[in-house]
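Following: one structure in structure tokens, then a few remarks.
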Amino acid sequence: MTDFVRVWIIPVDVPAETAASCRDVLDDSERARAAAFLSPRDQQRFIIAHGALRILAGRELGAPPAALSWIPGQYGKPVLAAPWSGLQTSLSHSGDMIAAAIAAVRPVGVDVQHLVPGLDTVGLSARFFPPEEAGYVAAGRDAGTRAARFARLWARKEAVVKSAGGRLWPNLTIAVHDRDVVSCAEPASPHRVADICAPAGFRAAVALAGAAPFVLETAGWPGAGWGRGGLERVAGTPLQ
């Protein structure tokens, strides 16, 4: 049976009752980490991200969100503790958007990237990406196209790294452009990666450990006000 992955794109700005629900399910450690942020905006982002992941994972497991706990897994990647350890999760945020992913069995990684105005995407690509990908970014017809290409490639790389549980910097040179299966450099392992439909101004991707295909279901958080309001299904290949 083909593996199944669910991804939600969640805005940092949610209704007050949603923010309260996210805050209520956090554990003591997460509350302390949220309180440590000096910026109220950073606090909000942390609360919504971690609270939403708990709510979504709890829904999948049929378990109280506040009862869930995560522990360091292989290579330090957080994994759900027993008795929920069969479910795989991943979390990302950039700008005013959060991405949460849930998969069964195979480790999952998700990443969302904001298109940053004025970023030297050509210089960064030349410094960190393989020559072919650096050339692809530089060949964009205008700054907006170059920013979108850069963010898409970066999101795909981060998704693979998060799936593997490795470090980003040793893996920025891995080739991800127009590839369904990517070879992570550290730790060495294959991963299947796919683009995700994301709001305007963002690019996102998800990856699963192993080369086998998967079915991807994506949705915006209720009331997010973007996309078609439905679900995207794609069998392990990038969205065009």
Side-chain angles (χ1 to χ4, degrees), residues 4-37 39-73 77-81 84-104 107-114 155 158-159 162-163 194-208 216-232:
F4 197 86
V5 183
R6 287 189 174 94
V7 178
W8 290 262
I9 305 293
I10 307 161
V12 173
D13 294 311
V14 295
E17 59 270 22
T18 302
S21 297
C22 290
R23 188 180 300 107
D24 288 346
V25 299
L26 299 180
D27 63 19
D28 291 341
S29 172
E30 289 166 331
R31 292 174 191 273
R33 290 168 64 189
F37 287 105
S39 164
R41 186 67 174 173
D42 290 339
Q43 290 182 10
Q44 171 87 349
R45 184 179 294 108
F46 182 92
I47 289 168
I48 301 305
H50 289 264
L53 182 62
R54 283 181 169 275
I55 292 169
L56 295 168
R59 184 184 302 167
E60 292 288 319
L61 293 163
L68 304 179
S69 62
W70 280 259
I71 58 175
K77 178 183 177 180
V79 296
L80 277 162
W84 309 289
S85 49
L87 194 72
Q88 304 290 327
T89 64
S90 184
L91 196 59
S92 174
H93 62 77
S94 180
D96 292 332
M97 288 291 163
I98 295 159
I102 291 175
V108 62
V110 71
D111 192 68
V112 60
Q113 290 292 324
H114 181 222
E158 283 229 42
K162 289 178 179 180
S163 175
D195 296 330
I196 302 170
C197 182
F202 290 84
R203 295 295 182 272
V206 65
L208 241 61
L216 169 64
E217 181 179 86
T218 66
W221 191 261
W226 68 271
R228 291 180 290 275
L231 300 173
E232 293 281 349

Nearest-0.5 Å distance, [atom1] of residue [X] to [atom2] of residue [Y]:
X	Y	atom1	atom2	result
His93	Phe46	NE2	CZ	8.5 Å
Arg54	Ser69	CZ	OG	7.5 Å
Ile102	Arg59	CD1	CZ	8.5 Å
Thr18	Ile47	OG1	CD1	13.0 Å
Leu80	Leu68	CG	CG	6.0 Å
Gln113	Glu158	CD	CD	5.5 Å

With a 4.5 Å limit on heavy-atom distance, are the side chains of [X] and [Y] in contact?
X	Y	value
Asp42	Arg45	yes
Phe202	Ile9	no
Met97	Pro199	yes
Ile98	Trp8	no

Sidechain-backbone polar pair: [X] side chain, [Y] backbone, donor-acceptor under 3.5 Å:
X	Y	result
Glu30	Asp27	yes
Glu217	Phe4	no
Arg23	Gly51	no
Gln88	Ala103	no
Thr218	Val7	no
Ser92	Ala99	no

For [X] versus [Y], what's the shortest heavy-atom pair and its separation?
X	Y	result
Ser90	Val108	CB-O, 3.4 Å
Ala52	Ile10	CB-CD1, 3.6 Å
Ala205	Ala159	O-CB, 3.6 Å
Ile48	Cys22	O-SG, 4.0 Å
Ala67	Trp84	O-CH2, 3.1 Å
Ala49	Leu91	O-CD1, 3.6 Å

Item checked: Under-4.0 Å salt bridge between Arg41 and Asp13 ->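 Here Arg41 pairs with Asp13 in a salt bridge, since their nearest N and O are under 4.0 Å apart.
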